[in-house]
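Values below: every heavy atom of this structure, side chains too, minus hydrogens, waters and symmetry copies. Remember, it's a predicted structure, so these values are computed and weren't measured experimentally.
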Amino acid sequence: MSTTTLPNIDHVCKLLLYGGPLAQFQGELVKQPDQEISVAVLYQLALRHGVISPTAAREGLALLAAAGPAGDAGRAILERVLAEGDFLAVRVTR
């Protein structure tokens, strides 16, 4: 998989992230010009895996490796998933 195969995110305004034992709100990732690659990668992971698991996080980090600073927001979220060993559910806001 490569960044050229990422899904279209024109309809996405932001991603809401939920996790932990009670699926509590963990944060959001707003689609801004400097965060579009992060939004696209996290959106693809959610579409492909249903949730962002540690396995999906590793896949996402590999995709973001070439993105440089454009992937920093997504990278931080995925690194947190790996560190905590938890899952994140993703809700799309249009």
Side-chain angles (χ1 to χ4, degrees):
M1 190 175 356
S2 72
T3 56
T4 59
T5 61
L6 292 174
N8 183 324
I9 58 167
D10 289 343
H11 66 287
V12 176
C13 176
K14 63 182 169 182
L15 301 177
L16 303 176
L17 308 168
Y18 298 88
L22 300 175
Q24 295 171 311
F25 179 72
Q26 300 292 314
E28 65 184 24
L29 184 57
V30 178
K31 184 177 80 174
Q32 298 173 349
D34 62 331
Q35 295 180 355
E36 286 184 350
I37 188 81
S38 290
V39 170
V41 168
L42 268 64
Y43 181 57
Q44 173 155 321
L45 295 174
L47 289 174
R48 184 170 175 184
H49 298 281
V51 295
I52 298 176
S53 65
T55 300
R58 282 186 206 86
E59 181 182 315
L61 287 170
L63 282 171
L64 289 172
D72 284 349
R75 194 173 295 111
I77 291 167
L78 296 174
E79 287 172 350
R80 189 177 78 220
V81 169
L82 282 175
E84 295 175 4
D86 203 359
F87 292 72
L88 284 179
V90 179
R91 181 173 175 203
V92 176
T93 301
R94 298 172 186 242

Exam field: side chain Q26 to backbone G19, donor-acceptor pair closer than 3.5 Å: yes

Sidechain-backbone polar pair: K31 side chain, I9 backbone, donor-acceptor under 3.5 Å: yes

Closest heavy-atom pair and its distance - [X], [Y]:
{"X": "L6", "Y": "A40", "value": "CD1-CB, 3.8 Å"}
{"X": "K14", "Y": "V30", "value": "CB-CA, 3.7 Å"}
{"X": "H49", "Y": "A56", "value": "CD2-CB, 3.5 Å"}
{"X": "P7", "Y": "Q44", "value": "CD-OE1, 2.9 Å"}
{"X": "C13", "Y": "R94", "value": "CB-C, 3.7 Å"}
{"X": "S38", "Y": "G74", "value": "OG-N, 2.9 Å"}

Connected via hydrophobic side-chain network under 4.5 Å: V12 and L47: yes

Same apolar cluster: Y18 and V81, side chain cutoff 4.5 Å: no

For a 4.5 angstrom cut-off between non-hydrogen side-chain atoms, does [X] reach [Y]?
{"X": "E36", "Y": "V39", "answer": "no"}
{"X": "L63", "Y": "I37", "answer": "no"}
{"X": "L88", "Y": "L42", "answer": "no"}
{"X": "Y43", "Y": "H11", "answer": "yes"}
{"X": "V41", "Y": "L45", "answer": "yes"}
{"X": "V92", "Y": "L15", "answer": "yes"}
{"X": "I77", "Y": "I52", "answer": "no"}
{"X": "V90", "Y": "L17", "answer": "yes"}

Atom pair CD (E59) and CG (L64), whose distance is rounded to the nearest 0.5 Å: 11.0 Å

CZ on R58 to CG on L78, rounded to 0.5 Å: 11.0 Å

